[in-house]
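Take a look at the structure below.
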Number of protein chains: 2
Amino acid sequence: MLRPSLLRLTRTIRNQRADMSITLGQLSALGSLEKSGPISAGELASCERVQPPSMTKVIASLEQRGLVRREAHPTDKRQVIIALTDSGRTLLDSERRSRDAWLLQRFSSLTAAERMLLLELVPVLDKLAEL
Amino acid sequence: MLRPSLLRLTRTIRNQRADMSITLGQLSALGSLEKSGPISAGELASCERVQPPSMTKVIASLEQRGLVRREAHPTDKRQVIIALTDSGRTLLDSERRSRDAWLLQRFSSLTAAERMLLLELVPVLDKLAEL
DNA sequence: TATTGTTATACTCTATAACTATA
DNA sequence: TATAGTTATAGAGTATAACAATA
């Protein structure tokens with residue numbers, strides 16, 4: 001059963017991150033921003049598969065920490081463009097370095113074949129998550 | 001990035017299930033119960049990677065729907081043994097039949113190789129989720 | 001009128017702390 | 001005293017509905 005397994009692994013990861021400074025949702029949004037470059041709040045919500053009001057909250061907390069900034073859209077004053085700041089990029093890098101201290105240690109319980117499988121599956125998961 | 005991908009796929013699945021009668025967490029607990037047979041509330045919490053109070057709530061809602069029942073532990077009166085009822089088993093079967101109407105349709109966007117990879121993924125995720 | 005984003009509000013999921021009953 | 005489970009309470013995370021500003 002794929003879905004329960006995903007759920008339980010997500011819980012394990014969340015528990016393990018309980019003492020971290022940034023939540024999984026905030027980190028995921030930062031990662032999407034880095035990948036996409038500056039995009040509108042609505043586009044970011046869509047990337048993250050959440051509704052706009054949910055993204056408003058995530059953006060507010062990231063902005064408060066100085067990890068992203070709001071910029072004006074060049075022609076459409078309704079839109080708010082969200083951009084990663086230098087601090088955001090720095091935090092993303094440091095999270096990346098520490099992220100898999102845990103995951104890599106956990107990887108040691110897997111066989112080499114299982115590890116390869118997992119690496120190849122990330123893009124497949126993203127494809128499944130698409131609308 | 002594995003963790004954000006897991007998070008986004010979980011969100012997609014949750015959105016898709018928004019109109020279902022049973023939540024993902026309840027379904028996952030039922031599945032664990034079927035796999036393990038009757039076990040104590042604490043053991044079930046541990047299987048599901050949640051704290052005991054969280055499991056208390058899940059069990060209460062499942063019991064109210066008649067999907068599980070509480071049984072006395074043969075020797076230890078503190079423990080509560082949770083067992084799947086016939087209704088619970090029936091619901092689990094019907095969820096299994098419908099679950100992949102969605103997932104299989106989603107599978108059509110994948111290549112044959114990607115589909116094969118995905119089938120092997122579940123046990124690897126479970127291994128990663130272990131303590 | 002339609003779209004983008006925010007505010008207001010509520011519900012679900014989860015946790016920790018305190019409590020009860022039993023070992 | 002220690003353990004299993006529940007109750008009380010609180011904090012994320014998410015959604016829908018209503019609103020404001022702009023197109």
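To find a chain, count down the sequence lines: A is the first, B the second, and so on, and within it residues start at 1.
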Opening and closing nucleotides of DNA chain C in contact with chain B, under 4.0 Å to non-hydrogen atoms: C/dC13 to C/dA23
[X]-[Y] side chain donor-acceptor pair, cut-off 3.5 Å:
{"X": "A/Arg8", "Y": "B/Ser28", "answer": "yes"}
{"X": "B/Ser40", "Y": "B/Glu43", "answer": "yes"}
{"X": "B/Glu130", "Y": "A/Ser109", "answer": "no"}

Judged by atom type as modelled, is there a donor-acceptor pair below 3.5 Å linking the side chain of [X] to the main-chain atoms of [Y]?
{"X": "A/Ser36", "Y": "A/Ser32", "answer": "yes"}
{"X": "A/Ser5", "Y": "B/Leu125", "answer": "no"}
{"X": "A/Arg49", "Y": "B/Leu9", "answer": "no"}
{"X": "A/Ser54", "Y": "A/Val50", "answer": "no"}
{"X": "B/Arg17", "Y": "B/Ile22", "answer": "yes"}

Atom pairs, N/O to N/O, protein against nucleotides 13-16 of chain D, distance under 3.5 Å?
from   : atom 1 : to      : atom 2 : distance (Å)
D/dG13 : OP1    : A/Thr23 : OG1    : 3.4
D/dT14 : OP1    : B/Arg11 : NE     : 2.7
D/dT14 : OP1    : B/Arg11 : NH2    : 2.9
D/dT14 : OP2    : B/Arg11 : NH2    : 3.2
D/dT14 : O4     : A/Lys57 : NZ     : 2.8
D/dA15 : OP1    : B/Asn15 : OD1    : 3.3
D/dA15 : OP2    : A/Gln51 : N      : 2.8
D/dA15 : OP2    : A/Ser54 : OG     : 2.8

Salt bridge (Lys or Arg N to Asp or Glu O under 4.0 Å) between A/Arg115 and A/Glu120, intermediate numbers included: CA-CA 9 Å; A/Arg115 266 173 250 159; A/Glu120 290 173 32; over 6 Å; no
DNA chain C-proximal residues of residues 70-83 of chain A, any heavy atom under 4.0 Å: A/Arg70, A/Arg78, A/Gln79, A/Val80
Separation of D/dA12 P from A/Gln64 CD (nearest whole Å): 12 Å
Side-chain ion pair, B/Glu63 and B/Arg69, N-O less than 4.0 Å: no
